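Every value quoted in this text rests on a predicted model; they were computed, and no experiment measured them. Each chain gets a letter, A, B and so on, in the order the sequences are listed, and its residues count up from 1.
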2 protein chains.
Amino acid sequence: MGATKTEHFTIDQNELALLMKALAHPARLAIIEFLLKTDSCICGDIVNELPLAQPTVSQHLKELKNVGLIKGNIEGNSICYCIDVETWKHYETVTNKLFAQLKKKKTNCC
Amino acid sequence: MGATKTEHFTIDQNELALLMKALAHPARLAIIEFLLKTDSCICGDIVNELPLAQPTVSQHLKELKNVGLIKGNIEGNSICYCIDVETWKHYETVTNKLFAQLKKKKTNCC
DNA sequence: CATGTTTATCGTAATATTGCAATATTAAAA
DNA sequence: TTTTAATATTGCAATATTACGATAAACATG
């Protein structure tokens, strides 16, 4: 065991879980916050911002890219990483749906 | 290695990461969705709703309880699990801050 | 009190994640 | 072309997560 039984759950549940998992690490949240804060698209010195080795940062960037939260464009020698607004819009819609359901709930039962 | 270097990140980043991690599993999302859908507070038959063994479900419930997303009240023989609205309000505030920053951003640079 | 029901915990196997040193790759610069 | 800079990939060790059988604990009911 040790592997999530994805096949027993809905596509939506698995998709949202993957998105959450991508954000479930302080380093990756720090990357996102940095990219949000920086108005111009910073090309590469994310490594200097983080207290982690370059290969580790590269791996975290890859995970964020895999779920589409960020994208990276080759800019000559270096790479321009930035937020992928489309995915974030989708993510916002999905989480808002959760919060909307929450508001429909009656008072706490416990 | 294998352990997250929490000490190098902010309290907020670590806290949000833990919340995300709690939601980063389809079974736990399924539990949350079930508790949201069910208006009356269902006492216990969450196990029957999920395609997982009882100890596994119990473990997932514990994780959700640890971060405060749900709470469980002993109701005689069984236990009444339900959404903890306070934590969800906090969660909504934090994620809304992220989305707000997103909207302030100029057009995609890449 | 004995029995069944419900939930939690323990122990353990399988797998995933995190982090980094070493190395490869790519493209600019000298 | 050699060197330098930026990023990715590989390989591996340490740790965490997921899942479940076996068992315990708590309580209701006969």
Side-chain angles (χ1 to χ4, degrees), chain A residues 1-9 13-14 17-31 34-35 41-67 69-82 110, chain B residues 1-9 13-14 17-31 34-35 41-67 69-82 110:
Chain A
M1 287 106 222
T4 298
K5 291 194 156 180
T6 51
E7 69 276 14
H8 294 306
F9 300 97
Q13 282 163 350
N14 281 305
L18 284 179
L19 216 50
M20 294 286 193
K21 197 190 285 191
L23 292 172
H25 193 288
R28 292 195 288 271
L29 285 175
I31 291 173
F34 181 68
L35 288 177
C41 169
I42 287 297
C43 306
D45 39 20
I46 300 169
V47 173
N48 299 321
E49 286 288 318
L50 294 187
L52 297 168
Q54 180 267 323
T56 311
V57 174
S58 183
Q59 199 173 279
H60 283 309
L61 285 167
K62 192 180 177 183
E63 275 170 76
L64 288 171
K65 214 164 79 177
N66 279 343
V67 294
L69 285 169
I70 66 173
K71 50 187 174 179
N73 278 50
I74 297 170
E75 197 98 344
N77 198 10
S78 55
I79 293 183
C80 168
Y81 274 112
C82 53
C110 309
Chain B
M1 283 109 224
T4 298
K5 290 195 155 181
T6 51
E7 68 277 14
H8 294 307
F9 300 98
Q13 283 163 350
N14 281 304
L18 284 178
L19 216 49
M20 294 288 194
K21 197 190 285 189
L23 292 171
H25 194 288
R28 292 195 289 271
L29 284 175
I31 291 172
F34 180 68
L35 287 177
C41 169
I42 288 297
C43 307
D45 39 19
I46 299 169
V47 174
N48 298 322
E49 286 288 318
L50 294 188
L52 297 169
Q54 180 268 323
T56 310
V57 174
S58 183
Q59 201 173 277
H60 284 308
L61 286 167
K62 192 181 176 182
E63 277 170 75
L64 288 171
K65 215 165 77 178
N66 280 342
V67 294
L69 285 169
I70 66 173
K71 51 188 176 178
N73 278 49
I74 297 169
E75 198 99 345
N77 198 10
S78 55
I79 293 184
C80 168
Y81 274 111
C82 53
C110 311

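The stretch residues 21-28 of chain A has no heavy atom under 4.0 Å from DNA chain D, so no residue of it qualifies as close.
Counting to the nearest Å, the C1' atom of D/dT18 and the CZ atom of A/Phe9 are 11 Å from each other. Whole-Å rounding puts the A/Glu63 CD to D/dA8 C1' distance at 14 Å. With rounding to whole Å, B/His60 atom NE2 is found 16 Å from C/dT7 atom P. A/Asn73 places its CG atom 15 Å from the C1' atom of D/dT7, with the value rounded to the nearest Å. Nucleotide D/dA19 holds its P atom 10 Å from the CD1 atom of B/Ile31, rounded to whole Å. Here the C1' atom of nucleotide D/dT18 and the CG atom of B/Leu29 are 15 Å apart, to the nearest Å.
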Contacts under 3.5 Å, N or O only, protein and nucleotides 24-30 of chain C:
none

Report all interatomic pairs (protein N or O, nucleotide N or O of nucleotides 8-12 of chain C) with separations under 3.5 Å.
from: C/dA8; atom 1: OP1; to: B/Tyr81; atom 2: OH; distance (Å): 2.6
from: C/dA8; atom 1: OP2; to: B/Ser58; atom 2: OG; distance (Å): 3.0
from: C/dA8; atom 1: N7; to: B/Gln54; atom 2: NE2; distance (Å): 2.8
from: C/dA8; atom 1: N6; to: B/Gln54; atom 2: OE1; distance (Å): 3.0

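Among residues two or more places apart in sequence or in another chain, the side chain to side chain contact (heavy atoms under 4.5 Å, CB included) test is passed with A/Gln54 by A/Val47, A/Ser58. Legend: residues meeting side chain to side chain contact (heavy atoms under 4.5 Å, CB included) with A/Lys65, ordered by chain and number and at least two apart, are A/Ile70, A/Tyr81. Residues meeting the side chain to side chain contact (heavy atoms under 4.5 Å, CB included) test with A/Asp45, sequence neighbours left out: A/Ile42, A/Asn48.
A/Leu64 contributes atom CG, which lies 5.5 Å from atom CD1 of A/Ile31 (distance to the nearest 0.5 angstrom).
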